[in-house]
Number of protein chains: 2
Amino acid sequence: MPTENPKPTPSVDEVDTRYLETLVGYNARRAALAVIGVFMERMAEYDLRVVDFSVASLILHNPGITSRQLCSALGMLPPNLVSLVNTLEKRRLITRRPHPNDGRASGLHPTPEGAALMRAAESAASELEFVASSRLTVAERKTLLRLLKKIYL
Amino acid sequence: MPTENPKPTPSVDEVDTRYLETLVGYNARRAALAVIGVFMERMAEYDLRVVDFSVASLILHNPGITSRQLCSALGMLPPNLVSLVNTLEKRRLITRRPHPNDGRASGLHPTPEGAALMRAAESAASELEFVASSRLTVAERKTLLRLLKKIYL
DNA sequence: TATTGTTATACTCTATAACTATA
DNA sequence: TATAGTTATAGAGTATAACAATA
C-alpha cells in the first residue's frame, strides 16, 4: 500500500477567483474602483473629490437645484451634503439663492468661476474615459453604459 | 417692449443627470451599489457582510490561502483583514493551519460547517444574480461581465 | 534586508436622531 | 402634519506607521 496523505495542508499557488467573477456586483465594484481610482488622481488638480465633482457637475447642469434634489439624484443623505456644499460656496464655486417657490429651500447656482472650473474638470473627466475604457471599442463602451443603466435604473 | 427677466433664479423640475451618465465610473458605481444593496440584505441571513462573503468564498475555493493572498486578490489592506479572519475563526467557519512552506504565514481552511454555510450562501448569491440582472437577457449579462472585466483586469 | 501578520490609530465615508424654519 | 436644511454624533470602511517573527 503506497503512502497516503490526501490532505497535506495545501498551499495556494494562484488564487482562484472564478466564482466571485461570476457575480455582477463583484465585477461592477472592481470596475468602479479601478476607474474611480484614476479619476481621483486626475481631479486632485481641481481639488475635487469624486462626490464634489458629481455635486458641482449637477449644479452646473441644473442651476437652481436644491440640496434635497442633489441627495436624491446621487443617493446621498442630507447631513452628508451640508459641509460639502458649504465648502463649494466658500471656494466661490457656487452661490445659494432663495428658492423661487419654497422658502425652506435654497437654489444652488454655479458662479462664473465655478462654471469655468467644472467645464475644465468635465473635459478632463471625459478625456479620462478614453483611458479608462482603452481596452474597449467604442461600440463596447456604449454597450457597457447601456447595460449598467439597465442594472440600476 | 415686453417684460424681460432672462434669469429669474430658476428652479429645477427634473434633475438632468445626462452628463454624469456618460461616465463609466458613475454608472459602474451606481450599478455596484444597487446590486450590493440587495446582496447585503440577502446575506444578513448568514450573518455575512459583502467582504466576509468574499473572503470566505475565496477560502472555500482556495483552501490554504494566506491573508496576504486574500488581500491581494480583494484589494484590501492587511490590517483590515485581521479582525475579519479572527471573527470567521471564532465562528468556527475557518481554521488556521501552519503554512507548509512559510513559517511566517498561516493557511486558512474552511471547516465543514464553514464550507456548508458558504455553499448555501453562494447558492443564494447566484440566485440573486437573476434578480439583479432581471432586466438583462442571458447574453447581455454575459456581455456585461466580459466588458467589466476588461475595465479592471 | 524583505515579508507575513499584527496592533494601534487616524481619517474618510455613511447613517441616525433631533432641531428650526417653512409649507 | 410634513418637508428642507442643519447640527451633532455614531458607526463602518479605509489608510498609515510601527513592531515581532520568519524568510
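In what follows, chains carry the letters A, B, and so on, assigned in the order in which the sequence lines appear, proteins first and then strands, with residues in each chain numbered from 1.
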> Do B:Arg68 and C:dT4 have a side chain to base donor-acceptor pair shorter than 3.5 Å?
Replying inline: no
> In residues 46-64 of chain A, what residues come within less than 4.0 Å of DNA chain C, judged by heavy atoms?
Replying inline: A:Arg49
> Going through the checks in order, is the side chain to side chain contact (heavy atoms under 4.5 Å, CB included) test met by A:Leu108 and A:Ser67?
Replying inline: CA-CA 8 Å; A:Leu108 303 174; A:Ser67 292; 4.2 Å; yes
>> Under 4.0 Å, heavy atom to any atom of DNA chain D: which of residues 69-89 of chain A qualify?
In response: A:Pro78, A:Pro79, A:Val82
> Any idea which of D:dA4, D:dA23, C:dT6 is nearest the A:Ala105 side chain?
Replying inline: D:dA4
> Side chains of A:Glu122 and A:Ser57: do they bring a donor and an acceptor to under 3.5 Å?
Replying inline: yes
>> Expressed as a whole number of angstroms, how long is the span from A:Asp102:CG to D:dT3:C1'?
In response: 8 Å
> Should the pair B:Arg146-A:Glu140 be classified as a salt bridge under the 4.0 Å nitrogen-to-oxygen rule?
Replying inline: yes
> Roughly how many Å is it from NE2 in A:His99 to C1' in D:dG5, rounded to a whole number?
Replying inline: 13 Å
> How about B:Asn27 and A:Tyr152: does a side-chain donor come under 3.5 Å of a side-chain acceptor?
Replying inline: yes
> Separation of B:Ile65 atom CD1 from C:dG5 atom C1', in whole Å?
Replying inline: 15 Å
>> Rounded to whole Å, how long is the line connecting atom CG of A:Leu108 with atom C1' of D:dT6?
In response: 14 Å
> Between B:Tyr26 and B:Thr17, does any side-chain donor sit less than 3.5 Å from a side-chain acceptor?
Replying inline: no
> Given the rule that I, L, V, M, F, W and Y join up when any side-chain heavy atoms are under 4.5 Å apart, are B:Leu81 and A:Leu33 in one cluster?
Replying inline: no
>> Using the ring centroid of each side chain, check whether B:Phe39 and B:Phe53 are separated by less than 6.0 Å.
In response: yes
> How many Å lie between CZ on A:Arg104 and P on C:dT22, as a whole number?
Replying inline: 11 Å
>> Side chain of A:Thr66 only, heavy atoms from C-beta on: which candidate in C:dA2, D:dG5, C:dT6 is closest?
In response: D:dG5
>> Rounded to whole Å, how long is the line connecting atom CE of B:Met40 with atom P of C:dT14?
In response: 12 Å
>> Minimum heavy-atom separation for A:Gly25 and B:Glu129, please, with both atom names.
In response: N-OE2, 4.2 Å
> Under 3.5 Å, is there a donor-acceptor pair between the A:Arg91 and A:Asn86 side chains?
Replying inline: no
> How close or far is atom P of C:dC13 from atom CG of B:Leu33, stated in whole angstroms?
Replying inline: 14 Å
